[in-house]
Amino acid sequence: MNVNANYFLFLIYFISFSSFSFDFNVYKLDPLDHDPDVNMFYSKNIEPDLDCDEYTHQFLTSTLLSLESIANISLCNSTQLKITWSNVQKESYGVGLSSAAFMPTITASIGSSQNTTKSNSDLSVTNLEGSTNQLNFAWRLFDFGTRNSNLNASKSLLDSSLNIHSAALQKNLLVTVNSYFDYLNSYLQYKNKYKNLSLVNDLHESNLRKFDYGLVSSNDILNSSSAIVKANLILIKSEGELAKAKTVLVNSMGIQMDPALINIQHDIVFENLFFDIKDLNFWLSQALLVNPSIKSAFSQYQVSQHKLEAARTEGLPTLDLNYNQYSNGYPSEGFSMPGRKVNSLSFTLNIPIFEGFSSLYKIKSAIAINNQSQAQLDEIKLQTINDVVKSYSELLSYSKNYDAAKSFHDTALSLMENTRKRFDNGAADISDLINSQSVFFDAKHEFDKSRIDLFSSKFKLLANVGFLEKKDFILK
């Protein structure tokens, strides 16, 4: 068979087998684009597209930081998210590596050799010097699904890593929002205590003026003075709690700076955060569909299934195509055929006969791993359902508590205003007024805390379901 015939046959086989041996749409330079049908969370949160320089500039210039900015700074500085995103990139390259198994390989080698031959009969010496060129083209045309199973396993590993990154991102957001609301609760409590101290001071000054005219007794002066001392002590304690909460919030952002130098937004219209609670079945059904921990466990289960398929097909026959071109000699023979060129086209059917039961043990091991992955998936589903049920129950409880706290706040406000009028008219003493003010600020604190608890539980439910997104942090 001449060289032209070899090339012609090679071309025919290349075209005929390419239709089933390799899908060119599988191999992409960016394997992260392999599946456009990723869940909605990825398109909104998973890409590391934050302008971290902008948020760092806001932070360094002490711009008033909203919860959205705080969350973005935390995402920018999170080492855990950097680790999980690096793992996503690593698994994406694994998809490319598995795809490469469908591609042919081409190897070229160039060698230089010198052969010296001595004759014992006539004592002549013959020297041959030259170079050898070798070209090898190898392509696995057919197997029983081993490469495809490995490729699907790599894709499932990539999906799993994406979901792990998604879960880490939501956890980071939840920690941030909890730290923010803890700080906000401490701030509102401090603000209430400060207002209480101001009212007590005003009351004491008013009593001093009335005392000069004999309108109040010295006992009233002592009561108002004691109220000032008590309110001041409470304010100092509240100030310490506020500083502690702010430090925790700053640490959750992953930055090292004096918390006193950071300005944080406090004014939030809580009513803008209300949302439809829906029923428990809705949240449970959504959690089973979109929760990243469940999706990651399911992807790991798919990996084990694909690995089992690969293990079952590894011991089956394969068909390879090889094309070789040798110039001036064969491999390991040196410069043995000067001026000659050899072309070789061959098909090789590889039939494993006995491998020491290694295939059997690989299959049994893959079955065990598959069963383990199934059990882990069931466990994570059960844990997720429990978390959703608990967070949903907390949300309902905090919703009822909010209504009760609002009623308590409105009643305490009316009581304080009424007592103030009675005190101005001489129908109530200073103790009644101080007590009514104390009750009001306790009620106001409970009302503020009930709002914070309500919306904190909302974010917790969204995170447990898998719905928590950066847009939820835009509080106006």
Side-chain angles (χ1 to χ4, degrees), residues 1-31 34 93-117 126-155 306-307 309-356 358-359 362:
M1 184 181 293
N2 57 34
V3 176
N4 290 332
N6 283 335
Y7 282 125
F8 177 77
L9 282 177
F10 168 73
L11 182 61
I12 293 297
Y13 281 115
F14 182 90
I15 295 174
S16 62
F17 281 105
S18 64
S19 61
F20 69 87
S21 63
F22 179 68
D23 178 6
F24 286 97
N25 291 323
V26 170
Y27 192 83
K28 294 185 178 182
L29 294 179
D30 187 3
H34 82 282
Y93 302 141
V95 174
L97 185 61
S98 297
S99 301
F102 289 89
M103 297 291 287
T105 60
I106 301 176
T107 306
S109 62
I110 301 175
S112 178
S113 64
Q114 178 178 355
N115 298 336
T116 302
T117 303
T126 303
N127 291 318
L128 287 176
E129 259 183 65
S131 62
T132 58
N133 304 317
Q134 300 163 14
L135 179 67
N136 172 261
F137 177 95
W139 191 20
R140 175 150 293 181
L141 298 177
F142 176 78
D143 59 23
F144 282 88
T146 302
R147 292 173 297 172
N148 193 58
S149 296
N150 289 330
L151 176 60
N152 290 333
S154 297
K155 288 182 178 181
H306 295 315
K307 290 293 185 183
E309 294 172 3
R312 285 171 172 165
T313 57
E314 274 184 2
L316 298 178
T318 58
L319 179 64
D320 296 335
L321 167 67
N322 288 277
Y323 171 77
N324 297 280
Q325 184 181 92
Y326 308 105
S327 297
N328 300 330
Y330 290 107
S332 304
E333 292 186 3
F335 189 68
S336 59
M337 300 183 302
R340 296 182 61 187
K341 181 181 291 186
V342 177
N343 295 286
S344 172
L345 179 67
S346 65
F347 294 93
T348 304
L349 179 64
N350 306 295
I351 305 176
I353 297 176
F354 181 71
E355 299 176 346
S358 61
S359 297
K362 286 181 180 179

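Atom set for the values below is all heavy atoms of this structure, side chains included, hydrogens, waters and symmetry mates excluded.
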- Message: Within the 4.5 Å heavy-atom criterion, are Leu319 and Thr348 side-chain neighbours or not?
- Response: no
- Task: State the OG1-CD distance between Thr146 and Glu309, to the nearest 0.5 angstrom.
- Result: 10.0 Å
- Note on the structure: Residues Pro352 and Gly315: closest non-hydrogen pair is CG-O, 3.5 Å
- List the steps, then state whether side-chain contact (heavy atoms from CB on, under 4.5 Å) holds for Leu151 with Val95. CA-CA 6 Å; Leu151 176 60; Val95 174; 4.2 Å; yes
- Message: Please tell me whether Thr318 and Asn350 have a donor and an acceptor in their side chains that are separated by less than 3.5 angstrom.
- Response: yes
- Beyond-backbone contact of Ser154 with Leu97, side-chain heavy atoms, under 4.5 angstrom: no
- Message: To the nearest 0.5 Å, what is the distance between CG on Asp143 and CZ on Phe102?
- Response: 7.0 Å
- Do the side chain of Thr107 and the main chain of Asn136 share a donor and acceptor less than 3.5 angstrom apart? no
- Query: What is the distance from atom NZ of Lys155 to atom CG of Asn150, rounded to the nearest 0.5 Å?
  - Reply: 12.5 Å
- Check: Arg147 side chain, Arg140 main-chain N or O, donor-acceptor pair, under 3.5 Å: yes
- Message: Using 0.5 Å steps for rounding, measure from the CD atom of Glu314 to the CD atom of Glu355.
- Response: 8.5 Å
- Task: Quick one: pull up OG in Ser359 and CZ in Arg312 and give me the separation to the nearest 0.5 Å.
- Result: 13.0 Å
- Query: Just how far is it from atom CZ of Phe347 to atom CG of Asn322, taken to the nearest 0.5 Å?
  - Reply: 9.5 Å
